[in-house]
Every structure is written in C-alpha cells, then in structure tokens.
Amino acid sequence: MSVTTTEPLADPRRSRRSIALVFAVHGAVSGTFVTRIPWLQDRLDLSPGQLGLALVMPAVGSSLAMPLAGRFVHRYGGRAAVRGLISLWCLALALPALAPSLPALCAVLLVYGATAGMADVAMNAQGVEIEQRLGRSIMSGLHGMWSVGGLLASGFGILAAHLSLDARLQLAVTALVLAALAQPICRGLPALRTPEEAEAPPHFALPPRSSLLIGLVGFCAVFGEGASMDWSGVYLKDVTGASATVAAASYTAFALTMAVSRLAGDAAIRRLGAVRTTRLGGAVATLGGVLVVVADTPAVAIPGFALIGVGVAVVVPLAFAAAGRIGTNPSQAIAGVATVTYTSGLVAPAVIGALAQATSLTVSFGLVTLLALALLLGAGALRRAEPDSPAPDVVRAPHGGDAAAGRARALSGDAPTG
C-alpha cells in the first residue's frame with residue numbers, strides 16, 4: 001500500500017521561516033566568497049588559467065559529495081543533517097583565505113565544495129518535505145531566499161574589499177557568525193525522519209533512473225543561468241560595445257532578476273501548475289536568448305539576459321520538488337537531480353568559452369537558446385512537482401502492520417531527531 005505523507009506540521013510558519021533562513025545562510029556563504037576571489041588571486045599571484053582551475057574545484061567537490069548526502073539524511077534525520085552540514089559549510093568559508101599555494105587552494109576548495117553540495121541536498125530535501133505538508137509551492141521562494149542571502153552578503157564583501165580588510169580576518173569572522181546564526185535557525189526545523197523500516201540508501205548513491213529526466217530539465221536551466229552569469233559581462237563588452245561599468249554590473253543585475261523571479265515564482269506555480277510554469281519560463285528564456293543572439297547594442301542584450309534569468313529562475317526549485325516525490329527516500333532522488341543539474345554549472349562556462357573560441361560568442365548563446373527551448377519540450381518531467389501530485393510511496397509493513405501510519409508520524413515530527 002502507499003499513502004500520501006501530508007500530515008500537517010506542528011508549527012507551519014516556524015518551519016517555513018526556518019528553512020527559508022537556512023537557504024539564506026547557504027547563499028550568504030557563497031556571496032561572501034565570490035567577493036574575495038580577486039584577493040585570493042592577488043595573494044597567490046595566480047594567472048587567469050590557474051584561478052580558473054581553482055574555481056572548478058568547488059563544483060567538482062559538490063558533484064562528488066552530493067550522492068553521499070542521502071545516507072547522511074537517512075541516518076541522522078533531516079533537522080540534524082541540515083544543522084550539521086550547514087555548520088560545516090559555514091566554517092569551510094574560512095579555509096580558502098588560509099591556503100598558501102595553488103595546490104593547497106585547490107584542495108581546500110574541493111572540501112569547500114563538498115560541504116556546500118551535501119548541505120544543499122539536505123536543505124532541499126527538508127524544503128520538499130515541508131512543502132508537501134503545507135500543500136502548496138514554496139521551493140521557488142526558498143531558492144529566492146538563497147539569492148537574497150547571496151546578494152546581501154556580497155554587499156558586505158564588497159564593502160570589506162573597498163576598505164582593504166584582510167580576507168583571512170573577514171572570512172573567518174563571517175564563517176563564525178553564520179555558523180552561530182545557523183544553530184537557532186535550525187532549531188525551528190521540523191524533526192522529519194525516515195522510518196526505521198525504510199531501506200537505507202547505499203553509502204554512495206548514483207542518481208536513480210527515475211530522476212535523470214528531471215535532472216536533464218534542470219541541466220538545461222542551469223546551463224543558461226551559468227552561461228549568462230559568467231559570460232554576460234564579456235558578451236556586453238565584446239559583442240555590443242558596452243562600457244566597462246555596464247559590463248561589470250551585468251552579474252549583479254542578473255542575480256537580482258533571478259532573486260525577484262524566484263521570490264514571485266511560487267505564486268505563478270500555484271496558479272498555473274509546475275508544467276505550465278516551466279513551459280512559460282522556457283518560452284520567456286528562449287525569447288531572451290534570441291534577443292541576446294541578435295543584439296548589437298546593450299539596450300537589446302541586457303533585456304535578453306534579464307529574460308533568460310526570469311525564464312529559468314523557477315526550473316531548478318521545481319526539479320528538486322519533483323525529485324522529492326520519487327520513492328521513499330527523497331534525499332537520494334534530490335541528490336541525483338542535484339548531481340546532474342549542477343554538473344551543468346560546471347561545464348557551461350567551459351563549453352561557452354570553447355565554442356566562442358572556435359566560432360563566436362553569438363553562436364555560443366545560440367546553444368543557450370536551444371537549451372531554453374528544450375525546457376518547453378521537457379516540462380512534463382516536472383509534473384510530480386504539482387501540489388496535488390501523489391506523494392512518495394511508503395514501504396509495506398512486514399506482516400500487514402501499519403507502516404504507513406508509522407512513517408506519517410515519524411515524518412510529522414513525533415520521532416526523535418538523532
């Protein structure tokens with residue numbers, strides 16, 4: 001037998017507020033780090049190629065560690081897993097500034113990325129469980145809070161850089177502050193826990209086949225996001241002749257567009273449903289890609305990049321929500337989708353650069369446009385993210401007992417947290 005796991009939360013507002021703040025803390029770590037990358041480059045005297053190699057390491061670490069997260073969540077429970085992993089991620093922020101050489105920096109960023117990826121899976125699994133019990137979409141807003149956290153933290157980082165603060169001191173203090181803030185925030189999370197009779201995932205869980213198509217839809221969205229964030233400034237400068245100031249502001253503008261779209265995305269999902277929202281987003285992103293490809297002035301390219309951001313903003317949150325309804329262990333499916341999806345963020349900048357080298361940046365963003373168009377075709381894979389879609393199946397009781405009721409009680413917070 002199977003049942004839906006939709007028992008109400010004991011304190012819905014507190015649960016939703018707490019997971020939203022967890023996402024904001026996670027984003028704040030990322031936003032802080034990126035503002036001090038120039039300091040790292042100067043301190044270690046890194047060439048652009050060496051810096052590029054180092055900055056690949058967080059994505060590699062995330063991709064390697066994400067499949068481990070399902071086992072961690074299963075063993076310790078959602079709240080304990082989020083608390084432990086988000087704390088490690090915050091503390092890891094202090095490490096890059098301490099690296100004395102390029103090899104050490106690469107090793108440190110590998111660890112930094114691994115903690116980021118595992119925390120990402122745990123908090124998304126918790127978000128999906130809370131969403132299912134609330135009975136309405138919240139994942140887009142949670143990812144919007146991640147963007148807000150990143151934007152706010154990047155503002156403090158820019159100020160620190162302007163004041164010429166030593167990054168070792170700034171990152172260490174920020175790491176401790178964020179880790180300390182995470183503790184009371186995580187206490188507000190519900191004690192969601194996998195029932196004892198559910199089979200534990202393997203220590204290193206490959207993406208389940210049922211999650212691959214969902215992951216590929218997320219892959220297309222993240223490719224457009226990564227390409228636009230990393231290359232929009234270069235595109236504006238080299239293709240449309242934008243000034244250095246306009247080109248430099250492109251990342252902040254694009255990130256702000258993503259944040260606003262994700263914060264507003266839940267309302268669209270509730271009104272239109274996951275599939276239609278994804279198709280609409282794919283159409284908007286495709287239109288944006290076309291504008292970028294045909295642009296010969298910043299006035300055309302900038303709205304194009306903005307439309308790409310609006311179009312892809314809600315796809316990744318919906319991909320996680322859909323993955324969370326696969327099987328009896330949402331964290332394993334989410335880890336699989338995250339691995340496939342975030343691999344796109346790893347390869348997108350390199351693919352865009354290689355294609356631009358062989359042809360032109362205009363051709364490169366032609367590929368981005370085609371992948372945005374693919375969102376229209378693959379939107380049906382996210383049907384599981386519909387608020388009224390079936391929840392994950394529950395394991396059958398060994399001798400006809402009421403395993404379903406036990407799982408519902410466990411996931412609603414009556415079980416110990418570990």
Side-chain angles (χ1 to χ4, degrees), residues 4-6 16 19-20 23 120-121 123-147 207-225 258-288 307-327 330-331 333-338 340-342 344 371-393:
T4 58
T5 58
T6 55
R16 182 176 179 180
I19 192 60
F23 272 75
D120 194 293
V121 170
M123 71 186 191
N124 273 285
Q126 188 87 344
V128 168
E129 294 279 12
I130 292 172
E131 179 181 83
Q132 290 176 10
R133 280 153 190 76
L134 290 174
R136 62 182 186 276
S137 175
I138 65 168
M139 288 299 292
S140 180
L142 295 183
H143 283 253
M145 286 299 294
W146 187 96
S147 299
R209 284 181 294 177
S210 54
S211 71
L212 288 179
L213 185 56
I214 296 172
L216 289 174
V217 174
F219 183 99
C220 294
V222 172
F223 194 99
E225 178 182 348
M258 291 282 293
V260 172
S261 299
R262 282 176 170 167
L263 290 172
D266 287 318
I269 294 166
R270 292 168 195 156
R271 183 177 182 85
L272 301 176
V275 175
R276 283 195 290 175
T277 300
T278 303
R279 286 179 178 149
L280 178 61
V284 171
T286 301
L287 174 59
L307 289 176
I308 293 174
V310 171
V312 305
V314 301
V315 177
V316 172
L318 284 174
F320 284 131
R325 293 176 176 265
I326 295 176
S331 59
I334 289 172
V337 167
V340 175
T341 297
Y342 291 154
S344 182
L371 291 176
L373 184 61
L375 294 175
L376 288 166
L377 305 177
L382 305 186
R383 192 172 305 279
R384 288 176 180 266
E386 301 282 359
D388 57 350
S389 66
D393 290 339

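Residues take their numbers from the sequence shown, with the count starting at 1.
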J.: Is the side chain of R279 donor-acceptor paired with the backbone N or O of A379 at a distance under 3.5 Å, no angle test?
T.: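 No: the side chain of R279 does not pair with the backbone of A379.
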J.: Between S140 and G265, what is the shortest heavy-atom contact and its length?
T.: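 Scanning both residues completely, I find the closest heavy atoms to be OG-CA, 3.5 Å.
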J.: Can you check side-chain contact (heavy atoms from CB on, under 4.5 Å) on F219 and V315, steps first, answer last?
T.: CA-CA 10 Å; F219 183 99; V315 177; over 6 Å; no
J.: Measure from the side-chain N and O atoms of T286 to the backbone N and O of L373, and report whether any donor-acceptor pair falls under 3.5 Å.
T.: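 Between the backbone of L373 and the side chain of T286 there is a qualifying donor-acceptor contact (under 3.5 Å).
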J.: Which distance, rounded to the nearest 0.5 Å, do you find between the CE of M258 and the CG of L263?
T.: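 Answer rounded to 0.5 Å: 11.0 Å.
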J.: Using a strict threshold of under 4.0 Å (side-chain N to carboxylate O), is an ion pair present between E129 and R16?
T.: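 Looking at E129 together with R16, the answer is no, because their closest N to O distance does not fall below 4.0 Å.
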J.: Out of curiosity, I269 CD1 to E131 CD, how far, rounded to the nearest 0.5 Å?
T.: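 Atom-to-atom, I269:CD1 and E131:CD are 7.5 Å apart.
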J.: For F320 and M139, work out which heavy atoms get closest and say how close.
T.: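 In this case the closest contact between F320 and M139 is CB-CE, 4.0 Å.
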J.: If you take all heavy atoms of C220 and L371, which pair is closest and at what distance?
T.: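 Scanning both residues, the minimum pair turns out to be CB-O, 3.5 Å.
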J.: To the nearest 0.5 Å, tell me how far L216 CG sits from T341 OG1.
T.: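 Rounded to the nearest 0.5 Å, the CG-OG1 separation comes out at 8.0 Å.
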J.: Do you know the tightest heavy-atom contact between L382 and V275?
T.: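 For L382 versus V275, the nearest heavy atoms are C-CG2, 4.4 Å.
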J.: Keeping the roles fixed (side chain from S344, backbone from F223), state whether a donor-acceptor pair exists under 3.5 Å.
T.: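 Yes, S344 side chain to F223 backbone: donor-acceptor pair under 3.5 Å.
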J.: Got a second to check how far T278's OG1 is from L376's CG, nearest 0.5 Å?
T.: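 Nearest 0.5 Å value for the OG1-CG distance: 9.5 Å.
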J.: Mind checking the CG-CD1 spacing from N124 to I334? Nearest 0.5 Å is all I need.
T.: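 One gets 6.0 Å once the value is rounded to the nearest 0.5 Å.
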J.: Would a distance-only check, ignoring hydrogens and angles, find a side-chain to backbone donor-acceptor pair under 3.5 Å from R276 to L272?
T.: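 Pair found, side chain donor or acceptor close to backbone of L272.
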J.: Quick one: which of L307, V312, L375 gives a side-chain contact (heavy atoms from CB on, under 4.5 Å) with V284?
T.: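 Testing V284 for a side-chain contact (heavy atoms from CB on, under 4.5 Å) against L307, V312, L375 leaves exactly one candidate, L307.
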J.: Where do V316 and H143 come nearest, in terms of heavy atoms and distance?
T.: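 Closest heavy-atom pair between V316 and H143: CG1-CE1, 4.1 Å.
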J.: Give me the atom names and distance for the closest heavy-atom approach of Q132 to G324.
T.: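 Q132 and G324 have their closest heavy atoms at NE2-O, 3.3 Å.
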J.: Run the side-chain contact (heavy atoms from CB on, under 4.5 Å) test on Q126 and F23 for me, step by step, so that the C-alpha distance in whole Å, both residues' side-chain angles and the decisive distance to 0.1 Å come before the verdict.
T.: CA-CA 11 Å; Q126 188 87 344; F23 272 75; over 6 Å; no
J.: Between R270 and S137, is there a donor-acceptor pair closer than 3.5 Å when you use the side chain of the first and the backbone of the second?
T.: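 It does hold such a pair.
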J.: I'd like to know if the side chain of D266 and the backbone of G141 have a donor-acceptor N/O pair within less than 3.5 Å.
T.: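 Indeed, once roles are kept as given, a pair shorter than 3.5 Å links the two residues.
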